[in-house]
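To start, the structure under review is shown below, and the notes come after it.
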Amino acid sequence: MSSHGLTVGFLAEIMQGNELENPVVQILGSKRIAGSGEQSERFRLLISDGKSLYSYAMLGTQLNDLHRQGKLQEYAIIRIDRYTTSVVNRNEKGEKRVLIIVDVTVLKEGSLVGEKIGNPQPMTDTPSQAAAASGGPDKPAPSRPMDTLGGAGNNAGNRSMSGNSTQNASLTDSLTHPISSLSPYQNKWVIKARVMSKSGIRTWSNAKGEGKLFSMDVMDESGEIRVTAFKEQCDRYYSMIEVDKVYFISKCQLKPANKQYTSLKNDYEMTMTNDTVVQECKETDGSLPEIQYNFVPISQIANMEPNAMIDVIGVCKQAGEVVQFTARTSGRELKKREVTLVDSSNASVELTLWGEDAQNFPASANPVVQLKGARVSEFGGGKTLGLVGGSMMKLNPDSEVGHKVRGWYENGGSDASISSVSARTGAGGGGGFNTEWLTFQEAKDRNLGSGDKPDYFQVKAMIHTIKSANAVYKACPQTDCNKKVIDQENGQFRCEKCNAEFPNFKYRLLVNMLIGDWTSNRWVTVFTELAEEMLGKTSQEIGSSLEFQKEEAEKLFGSISFKSFVFKLRTKVEYFGEQPRNKTSAVSAAPVNHKQYNALLIKSIQELTGVGKN
DNA sequence: CCCCCCCC
């Protein structure tokens, strides 16, 4: 039976702690391990080397996209170009070794293979005998001794259950755990991780007490995690920890990460405890596993919640001066600089830099700005970005994405028509110019208008019906008063608001029309100025024709029926007694600019399908 | 156990 080039026996080898280069295996299944949200989802593969089946192959999250693209489906034959193994659980029954796949090449797509190769049998956990016999030192030459970690307390995580009490705590890389395998349910581990960023020491004092802390974000090939050190641990480790250095870390407490304060791809974060051991790993080959980014197209920032933490890359199209001022509330002297970033989503966002970041920024150089863990804020209805503790800003990164966005910018991007997600729409501010495009169904699904402030959106919609009855009312003739007057039936019209009677009145319009897009429709109110614009007549003309030449008025309304406009709408729930009613009015109604509208549709299609993006 | 991150 042909093995189709599979590396038969590879799985048995790695279970023994041995390594083989570029093994070829077949995928026989995969399982999505749900994290909270797309960012932390992981895939676990069932793989075969033709002889054995193995279900503890974890896909590094950097390969998630490959999986989502369907390249790693059943029966696919892949070459594992880079991997790492790790013992995650060792007990009397044996040990469990996890294979973390870091890089792969798909040799043959599953659909072209179409069948399981050979008759692979499930692997069992390595018996403890074998584990003990070949032990940690089953690697030919343990190259990275770690003398003190764990020390007499036998704290070296995964060793403690081996039953080999005489063993010195000497640890090789093969026995460290991938960060992505850590969970609160398993505390026997050691990670080897590089510090990506480190906060300053911060103190706090509140009802629950006071203290100090610092935190750092660390990473390895499998993932990243935040580590926080409080009080004693803060004192113990703060000066030792340096950004970019690599450390062995063990015995921290894991807890669910609060996503509000981090953009790291990990469901957990950890806290140092009294038992925590941290030791610098000096013998590294200097290679820095790539930091994982989850870049958000700038156009999408418009849809993000305030306080979201995101990764963004864009070109600095414009940078303001450093502005110094005194904060009104705190009295602090602040320095800031506003920077405009653009990317190929043809959108821009304002990034606010503070203090040294503001002063050191090369304002005239139009650098590519790469942000990890930037924080989204909302101001005046627009979105802006800021940096917080764990944020990292890198200028002109020498990376594919960096060059790509630079290339886009140099090849027309700098002149592209850009819409700003930071543009202030302002509640009641006439709809602004950056109103979000939504369908009626989306507006409904999002419960638009149910908040304290009105919501605005724009939609391309056709006028289905216009109610001519009550489309006009007689209003107070005073310039700044539009209050409906009471006809005194004696040639006088009374305005309650002005507490006066007038011999005349002016017509005002309040036209209710049913407008619809392809998803749904909605009754909206069009007030005087806009109604005049849409109908091409003054309120007085429309009012008098409604009163005296009904037919002509109907004809006028008919002239815009079944016409399409781009409506900017304002929606807000209002209460009529106990009854909530969503009132929607039109702020503007512009003729459809088909070129622009088509560009919008194309962009939506690209976003929905991923086809033709970037 | 923090979680403030500034201003319009």
Side-chain angles (χ1 to χ4, degrees), chain A residues 36 184 197-218 225-238 241 252-264 266-276 305-310 312 318-340 349-361 371-393 420-427 429 432 434:
Chain A
S36 62
S197 67
K198 171 194 176 185
S199 78
I201 292 179
R202 199 170 67 239
T203 58
W204 82 88
S205 172
N206 58 29
K208 286 184 221 157
E210 54 184 44
K212 59 174 156 180
L213 73 126
F214 84 96
S215 67
M216 57 180 174
D217 292 343
V218 304
I225 195 165
R226 176 160 295 174
V227 186
T228 306
F230 289 98
K231 300 174 184 173
E232 295 85 2
Q233 286 75 248
C234 176
D235 288 337
R236 195 140 102 211
Y237 293 114
Y238 182 77
I241 298 295
C252 293
Q253 189 179 73
L254 274 98
K255 59 173 189 179
N258 190 338
K259 295 288 183 185
Q260 204 184 329
Y261 304 112
T262 169
S263 68
L264 295 193
N266 202 317
D267 282 345
Y268 303 111
E269 59 189 29
M270 53 193 193
T271 304
M272 290 185 178
T273 70
N274 261 333
D275 300 327
T276 294
E305 295 297 321
N307 299 329
M309 305 290 286
I310 58 171
V312 173
Q318 201 179 303
E321 297 296 313
V322 175
V323 180
Q324 186 162 0
F325 60 94
T326 309
R328 209 174 291 169
T329 42
S330 63
R332 264 194 291 178
E333 276 297 299
L334 299 173
K335 281 183 186 136
K336 70 159 183 175
R337 189 202 292 270
E338 302 276 356
V339 165
T340 305
V349 65
E350 294 298 318
L351 165 68
T352 308
L353 298 174
W354 297 90
E356 290 194 356
D357 284 333
Q359 283 179 295
N360 299 338
F361 190 83
L371 303 172
K372 182 173 175 63
R375 184 185 155 108
V376 177
S377 300
E378 192 171 51
F379 179 60
K383 300 287 176 11
T384 60
L385 294 177
L387 304 185
V388 294
S391 304
M392 285 191 281
M393 176 169 67
S420 173
V421 302
S422 306
R424 308 208 262 278
T425 53
N434 199 41

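So that the names make sense, note that chain A is the first sequence line, chain B the second, and so on, each numbered from 1.
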Among the nucleotides [options], which one has an atom lying closest to any side-chain atom of [X]?
| X | options | answer |
| --- | --- | --- |
| A/Phe325 | B/dC8, B/dC2, B/dC7 | B/dC7 |
| A/Glu269 | B/dC7, B/dC5, B/dC3 | B/dC3 |
| A/Tyr261 | B/dC7, B/dC3, B/dC2 | B/dC3 |
| A/Lys231 | B/dC6, B/dC2, B/dC1 | B/dC1 |
| A/Lys208 | B/dC5, B/dC7, B/dC2 | B/dC2 |

Should [X] and [Y] count as side-chain neighbours, where that means a heavy-atom distance under 4.5 Å?
| X | Y | value |
| --- | --- | --- |
| A/Met309 | A/Thr262 | no |
| A/Lys259 | A/Asp267 | yes |
| A/Leu385 | A/Val376 | yes |
| A/Lys335 | A/Leu353 | no |
| A/Ile310 | A/Ser263 | no |

Nucleotide [N], atom [atom2] - distance to [atom1] of [X] in whole Å:
| X | N | atom1 | atom2 | answer |
| --- | --- | --- | --- | --- |
| A/Glu338 | B/dC6 | CD | C1' | 12 Å |
| A/Met309 | B/dC4 | CE | P | 12 Å |
| A/Leu353 | B/dC5 | CG | P | 17 Å |
| A/Arg337 | B/dC7 | CZ | C1' | 16 Å |
| A/Glu333 | B/dC7 | CD | C1' | 12 Å |
| A/Met216 | B/dC3 | CE | P | 19 Å |
| A/Leu385 | B/dC8 | CG | C1' | 16 Å |
| A/Gln260 | B/dC3 | CD | C1' | 7 Å |

On DNA chain B, does the nearest nucleotide to A/Thr384 precede the nearest nucleotide to A/Leu213 from the 5' side, or the other way round? Give the residue.
A/Leu213
N-O pairing of A/Lys212 and A/Asp235 below 4.0 Å
yes
Taking only side-chain N and O atoms of [X], does any of them lie within less than 4.0 angstrom of OP1 or OP2 on [N]?
| X | N | value |
| --- | --- | --- |
| A/Lys335 | B/dC7 | no |
| A/Asn206 | B/dC1 | no |
| A/Arg202 | B/dC4 | no |

Just wondering, do A/Trp204 and B/dC2 stack (centres under 5.5 Å, planes under 30°)?
no
Centroid distance under 5.5 Å and plane angle under 30°, A/Phe230 vs B/dC1:
yes
Tell me whether the side-chain N or O atoms of A/Gln233 pair up with the base of B/dC1 as donor and acceptor below 3.5 Å, since no angle test is needed here.
no
NA contact type, [X], heavy-atom cut-off 4.0 Å: base, sugar-phosphate, or nothing?
| X | result |
| --- | --- |
| A/Gln324 | nothing |
| A/Lys212 | nothing |
| A/Gly211 | nothing |

